Chemist: 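Would you mind keeping the following structure in view while I ask a few things?
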Amino acid sequence: MAFPFQASRLNKIPKYLFAELDKLKIEFETKTKQKIIDLGEGNPAFMPHQRIITELKRALKSPTNHRYPSYQGKIEMRTAIAKWYKKRFNVELNPETEVTVLIGSKEGIAHFIWAMIDKDDIAYVPSPSYPVYHNQILLSGGIPKFMPLFEQNDFLPYLSDIKPHKKLKLLCLNYPNNPTSAIAPYSFYQEIIKLAYKYGFYCCNDNVYSEIYYQNPPHSILEIPGAKECCIEFHSLSKSFSICGWRIGFAVGNHKLIKALINIKQNVDSGPFGAIQDASIVALNNYEQFAKKIRLQYKKRLTILVKGLQKLGWHCNMPPATFYLWCKIPFTEYKKNSLQFSYEILSKTGILITPGIGFGKHGEGYVRFSVIETEDKIKQVIERLSAVV
């Protein structure tokens with residue numbers, strides 16, 4: 001007798017991009033016995049600030065932190081988040097109803113989409129984009145509609161792409177953007193809120209890179225008057241404070257949207273480990289000092305990478321935010337096959353970069369570099385590329 005292997009919904013989604021990159025990495029290192037230089041996944045290698053680690057060690061000794069955490073997160077953590085939002089964005093939040101703590105922003109976004117999208121509901125997502133939006137809409141039975149992001153429009157969606165529909169439920173945004181590194185101006189968010197009121201949809205903004213910027217500090221969509229009626233925003237401490245493995249993030253915004261997200265969480269998981277929440281409070285209370293140091297390191301790395309690639313004939317500029325560099329493939333024969341180009345770079349140089357097609361149809365023709373390695377390693381990347389180019 002043949003047993004069904006898996007739910008049919010899994011057939012709707014492609015293989016997860018970064019899991020496939022991990023496979024490539026293992027295959028290359030096993031075959032060549034060489035260590036690659038990994039500029040693929042956005043997985044920072046910095047150590048957290050010592051004060052954050054010290055607080056984690058202290059919190060580990062608290063008996064209360066070894067019981068199940070609350071689903072919404074400690075009130076002390078939610079209060080720290082609300083204070084940070086007021087200081088950073090001048091947005092008032094009620095820590096009781098408008099803030100929830102997450103086991104990373106990826107978990108929160110996925111669960112939020114499950115809380116909002118019914119069968120055949122329509123949700124708009126950017127293309128290229130982080131795969132979690134598109135994949136979770138498919139898994140929840142919804143219909144994703146793509147908004148192409150083009151360089152000539154500063155990688156912002158054309159709002160004319162958003163069409164009114166009785167089943168339109170959600171708009172997903174991500175600024176500062178992964179993979180393009182674009183930022184959204186205040187005026188863009190104003191137009192989004194006007195459209196949300198006009199068409200009657202909710203908006204979620206993935207703002208996890210808000211503290212990794214090199215020009216003006218990026219905005220929150222919640223800064224726009226009236227945004228809290230229809231918006232939820234996601235953040236992560238992973239990138240800002242180099243604690244990716246700790247799995248800690250949060251969502252803020254409309255109290256009904258927060259409640260819907262919590263309802264899903266209550267039936268799927270729990271809140272983050274209490275000791276990690278305690279350490280995260282220290283991070284938020286000292287965000288200017290801690291995040292600035294990390295930001296300066298990324299800027300140095302990106303500057304080396306951009307200048308080096310420009311000398312090799314690549315067309316790229318210093319990004320305004322994130323630790324990614326989104327580059328057009330400079331060789332004509334690969335402009336419609338970023339996956340093959342990434343394979344070629346890996347096999348000839350031992351450098352792992354991310355093919356643009358992994359972020360959706362409109363990522364084709366591009367590759368993404370993540371400056372998660374040291375300055376010396378970035379210089380090695382340029383040397384290796386110059387040897388084959």
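Note that this is a predicted model, so its numbers are computed, not measured.
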Chemist: Do L296 and I212 sit in the same hydrophobic cluster, where Ile, Leu, Val, Met, Phe, Trp and Tyr count as joined when their side-chain heavy atoms come under 4.5 Å apart?
Modeler: no
Chemist: I'd like to know if the side chain of Q72 and the backbone of V101 have a donor-acceptor N/O pair within less than 3.5 Å.
Modeler: no
Chemist: What distance separates D118 CG from K169 NZ, expressed to the nearest 0.5 Å?
Modeler: 5.0 Å
Chemist: Count I, L, V, M, F, W, Y as connected when their side-chain heavy atoms are under 4.5 Å apart, and connections chain through other members. Are L168 and Y158 then in the same cluster?
Modeler: no
Chemist: Sequence neighbours left out, what pairs pass salt bridge (Lys or Arg N to Asp or Glu O under 4.0 Å) with at least one residue falling in residues 287-302?
Modeler: K87-E288
Chemist: Between atom CG of L325 and atom SG of C316, what is the distance when rounded to the nearest 0.5 Å?
Modeler: 5.0 Å
Chemist: Looking at Y214 and T322, would you say the former's side chain and the latter's main chain have a donor-acceptor pair under 3.5 Å?
Modeler: yes
Chemist: What pairs meet the salt bridge (Lys or Arg N to Asp or Glu O under 4.0 Å) rule with one or both residues in residues 208-221, with sequence neighbours excluded?
Modeler: R88-E211
Chemist: Could you tell me whether the side chain of L173 reaches within less than 4.5 Å of the side chain of I192, counting heavy atoms only?
Modeler: yes
Chemist: Output the distance between atom OG1 (T97) and atom CZ (R78), rounded to the nearest 0.5 Å.
Modeler: 9.5 Å
Chemist: Would S62 and T64 count as a side chain to side chain donor-acceptor pair (under 3.5 Å) if you check the C-alpha gap in whole Å, the side-chain angles of each, and the deciding distance to 0.1 Å?
Modeler: CA-CA 6 Å; S62 170; T64 59; 2.9 Å; yes
Chemist: What I'd like to find out is whether the side chain of P126 reaches to under 4.5 Å of the side chain of F146, using heavy atoms alone.
Modeler: no
Chemist: With sequence neighbours left out, write down each residue that passes salt bridge (charged side-chain N to carboxylate O under 4.0 Å, His left out) with K194, or none if nothing qualifies.
Modeler: E191
Chemist: Hey, does N317 have a side-chain heavy atom less than 4.5 Å from the side chain of Q310?
Modeler: yes
Chemist: Which heavy-atom pair separates S240 from I294 by the least distance, and what is that distance?
Modeler: O-CD1, 3.2 Å
Chemist: Please say whether more than 12 non-hydrogen atoms of neighbouring residues, nucleotides or ligands are located less than 6.0 Å from CZ in F201.
Modeler: yes
Chemist: Between K74 and D278, is there a side-chain N and carboxylate O pair less than 4.0 Å apart?
Modeler: yes
Chemist: Between K167 and D120 (salt bridge meaning N to carboxylate O under 4.0 Å), is one present in this structure?
Modeler: no
Chemist: So which atom in I103 and which in S270 form the shortest heavy-atom distance, rounded to 0.1 Å?
Modeler: CD1-O, 3.1 Å
Chemist: Below 4.5 Å, heavy atoms only, C-beta onward: do C244 and N43 meet side chain to side chain?
Modeler: yes
Chemist: Side-chain heavy atoms under 4.5 Å apart, restricted to Ile/Leu/Val/Met/Phe/Trp/Tyr: what other residues fall into the cluster of I75, or is it alone?
Modeler: none
Chemist: Not counting sequence neighbours, which residues clear ring pair (Phe, Tyr, Trp, His ring centres under 6.0 Å) with H111? List them please.
Modeler: none
Chemist: Between N90 and E223, does a side-chain contact (heavy atoms from CB on, under 4.5 Å) hold up when you go through it step by step?
Modeler: CA-CA 7 Å; N90 196 30; E223 293 177 40; over 6 Å; no
Chemist: Partners of I304 by side-chain contact (heavy atoms from CB on, under 4.5 Å), sequence neighbours excluded?
Modeler: E375, I378, K379
Chemist: List the residues meeting ring pair (Phe, Tyr, Trp, His ring centres under 6.0 Å) with Y85, not counting sequence neighbours, and say none if there are none.
Modeler: F89, H235
Chemist: Check this for me, if you would: do E364 and K336 make a salt bridge, where the nitrogen-to-carboxylate-oxygen distance has to be below 4.0 angstrom?
Modeler: no
Chemist: Taking atom CG of L102 and atom NZ of K265, what is their separation to the nearest 0.5 Å?
Modeler: 5.5 Å
Chemist: Using every non-hydrogen atom in the two residues, find where P225 and I193 come nearest and quote the distance to one decimal.
Modeler: O-CG2, 4.1 Å
Chemist: Please assess N177 against I183 for the test side-chain contact (heavy atoms from CB on, under 4.5 Å), listing each intermediate value before the final yes or no.
Modeler: CA-CA 6 Å; N177 184 256; I183 57 173; over 6 Å; no
Chemist: Are side-chain heavy atoms of I232 and I258 found at a separation under 4.5 Å?
Modeler: yes
Chemist: Which residue is it: Y130, Y209, F359, F155? I am looking for the one with a ring-ring contact (aromatic ring centres under 6.0 Å, His included) to Y324.
Modeler: Y209
Chemist: Does a side-chain heavy-atom distance below 4.5 Å link C231 with C203?
Modeler: yes
Chemist: Hey, what do you get for CG (L93) to OG1 (T79), rounding to the nearest 0.5 Å?
Modeler: 11.0 Å
Chemist: Could you tell me if the side chain of L39 sits less than 4.5 Å from the side chain of E373, heavy atoms only?
Modeler: yes
Chemist: Write out all pairs satisfying side-chain hydrogen bond (donor to acceptor under 3.5 Å, both in side chains) with one or both partners inside residues 250-261, taking only residues at least two apart or from two chains.
Modeler: none
Chemist: For F234 and L261, which heavy atoms make the closest approach, and how far apart are they?
Modeler: CE2-CD2, 4.1 Å
Chemist: P272 and R247: which non-hydrogen atoms are nearest, and at how many Å?
Modeler: CB-O, 4.3 Å
Chemist: I need the full list of ring pair (Phe, Tyr, Trp, His ring centres under 6.0 Å) pairs touching residues 258-307, with sequence neighbours left out, sorted by first then second residue.
Modeler: F46-Y298, H49-F290, H66-F273, W84-Y287, Y298-F323
Chemist: Give a yes or no on whether the backbone of N174 and the side-chain of Y133 come within a donor-acceptor separation of less than 3.5 Å.
Modeler: no
Chemist: Got a sec, which pairs hit ring pair (Phe, Tyr, Trp, His ring centres under 6.0 Å) with one end in residues 169-191, sequence neighbours left out?
Modeler: Y175-F188, Y186-H219
Chemist: Are any side-chain N or O atoms of E92 and backbone N or O atoms of K86, one a donor and one an acceptor, separated by less than 3.5 Å?
Modeler: no
Chemist: What are the two closest heavy atoms between A283 and L237, and how far apart are they?
Modeler: CB-CD2, 4.2 Å
Chemist: Please output the side-chain donor-acceptor pairs of residues 147-154 that fall under 3.5 Å, not counting sequence neighbours, one pair per line with the distance.
Modeler:
{"residue": "E151", "atom": "OE1", "partner": "Y366", "partner atom": "OH", "Å": "3.0"}
{"residue": "N153", "atom": "ND2", "partner": "L156", "partner atom": "O", "Å": "2.7"}

Chemist: Check ring pair (Phe, Tyr, Trp, His ring centres under 6.0 Å) between Y213 and all other residues, then give those that pass, not counting sequence neighbours.
Modeler: none
Chemist: Decide yes or no on side-chain contact (heavy atoms from CB on, under 4.5 Å) for V125 and K145, but give the supporting numbers first.
Modeler: CA-CA 6 Å; V125 296; K145 298 281 188 179; over 6 Å; no
Chemist: Between T180 and A182, is there a donor-acceptor pair closer than 3.5 Å when you use the side chain of the first and the backbone of the second?
Modeler: yes
Chemist: Hey, what do you get for CD1 (I345) to CZ (F369), rounding to the nearest 0.5 Å?
Modeler: 7.0 Å
Chemist: Assigning hydrophobic clusters by single linkage (Ile, Leu, Val, Met, Phe, Trp, Tyr; side-chain heavy-atom cutoff under 4.5 Å), is Y199 placed with L159?
Modeler: yes
Chemist: Under 4.5 Å between any side-chain heavy atoms of V252 and E98, yes or no?
Modeler: no
Chemist: Can you see whether E41 engages T354 through a side-chain donor-acceptor pair at a distance of less than 3.5 angstrom?
Modeler: no
Chemist: Hey, does the side chain of S338 reach the backbone of I357 with a donor-acceptor pair shorter than 3.5 angstrom?
Modeler: yes
Chemist: What verdict does the side-chain contact (heavy atoms from CB on, under 4.5 Å) test give for L312 and L385, after you've listed the backbone C-alpha separation in whole Å, the side-chain angles of each residue and the deciding distance to 0.1 Å?
Modeler: CA-CA 8 Å; L312 296 178; L385 288 174; 3.8 Å; yes
Chemist: Given the rule that I, L, V, M, F, W and Y join up when any side-chain heavy atoms are under 4.5 Å apart, are I122 and L195 in one cluster?
Modeler: yes
Chemist: Shared ILVMFWY cluster between I113 and Y71, side chains joined below 4.5 angstrom?
Modeler: no
